[in-house]
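Working notes, beginning with the structure itself.
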Amino acid sequence: MSKYRVLLDEKIENHARTLLNDAGIKTDVARLKTSNLTSLMQARPYDALIVRETVRIPLEVMEAAPASLKIIGVLGDSPRNVNLVEATSC
């Protein structure tokens with residue numbers, strides 16, 4: 001049984017999912033949008049969230065996330081879609 005669970009944006013290449021699964025990390029893939037993140041994050045105890053830089057992660061999502069959430073990964077040039085001050089205060 002996997003020790004960690006990660007929610008991945010469906011637009012992330014399958015290779016990344018394979019790497020995580022091979023490392024023993026359970027992955028769930030969904031079409032991630034700012035509008036559906038809160039409900040998805042509350043559905044399971046995710047340890048990490050990996051999104052493309054086009055998906056904005058507002059404070060409401062971070063506050064609604066389970067206490068198990070430790071990492072928000074952003075694929076792209078910079079994490080400008082995540083307010084780093086808000087993320088570190090949750």
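Because only heavy atoms are used, hydrogens play no part in the values below, and waters and symmetry mates are left out as well, while side chains stay in. Starting from 1, each residue takes its place in the sequence as its number. The model shown is predicted, which means the values in this text are computed figures rather than measured ones.
The environment of Ile71 atom CD1 is sparse: at most 12 non-hydrogen atoms of other residues, nucleotides or ligands sit within 6.0 angstrom.
Considering only heavy atoms from C-beta on, Val61 stays 4.5 Å or farther from Glu63 through its side chain. Counting heavy atoms from C-beta outward, Leu49 and Leu37 have side chains that approach closer than 4.5 Å. At least one side-chain heavy atom of Ile50 sits under 4.5 Å from a side-chain heavy atom of Leu20. Between Leu19 and Asn21 the shortest side-chain heavy-atom distance does not fall below 4.5 Å. Taking the side chain as every heavy atom from C-beta outward, Thr54 and Lys11 never approach each other to under 4.5 Å.
Separating the CG atom in Asp9 from the NZ atom in Lys33 is a distance of 11.0 Å, to the nearest 0.5 Å.
Residues Leu75 and Val55 fall into different hydrophobic clusters, defined by Ile, Leu, Val, Met, Phe, Trp and Tyr side chains chained together at heavy-atom separations under 4.5 Å. Residues Val74 and Val6 fall into different hydrophobic clusters, defined by Ile, Leu, Val, Met, Phe, Trp and Tyr side chains chained together at heavy-atom separations under 4.5 Å. Connection of Ile25 to Val29 is established within a shared hydrophobic cluster, with ILVMFWY side chains joined at heavy-atom distances below 4.5 Å, either directly or through further cluster members.
Between Asp47 and Lys70, at least one side-chain nitrogen of the basic residue sits less than 4.0 Å from a carboxylate oxygen of the acidic one, meeting the salt-bridge criterion.
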(message) I'd like to know whether Ile12 forms a side chain to side chain contact (heavy atoms under 4.5 Å, CB included) with Glu10, so could you lay out the CA-CA distance, the side-chain angles of the two residues, the decisive distance to 0.1 Å, and finally the verdict.
(response) CA-CA 5 Å; Ile12 295 173; Glu10 72 175 2; over 6 Å; no
(request) Assess whether side chain to side chain contact (heavy atoms under 4.5 Å, CB included) is satisfied between Met41 and Leu7, documenting all intermediate values. (result) CA-CA 8 Å; Met41 292 303 299; Leu7 179 59; 3.9 Å; yes
(request) Output, in order, the C-alpha distance, side-chain angles, deciding distance and verdict of side chain to side chain contact (heavy atoms under 4.5 Å, CB included) for Arg5 and Asp28. (result) CA-CA 8 Å; Arg5 178 176 229 108; Asp28 293 336; 2.9 Å; yes
(request) Might you work through the side chain to side chain contact (heavy atoms under 4.5 Å, CB included) test for Val51 and Ile57, ending with a clear yes or no? (result) CA-CA 9 Å; Val51 299; Ile57 313 294; 4.2 Å; yes
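Judged purely by distance below 3.5 Å, without hydrogens or angles, the side chains of Arg17 and Thr27 pair a donor atom with an acceptor atom.
In plain terms, the two heavy atoms of Thr34 and Arg56 that are nearest each other are OG1-O, 3.0 Å. Across all non-hydrogen atoms, the minimal contact from Pro45 to Pro66 is CA-CG, 3.9 Å.
Between the Asn36 side chain and the Arg31 main chain, a donor and an acceptor come within less than 3.5 Å of each other.
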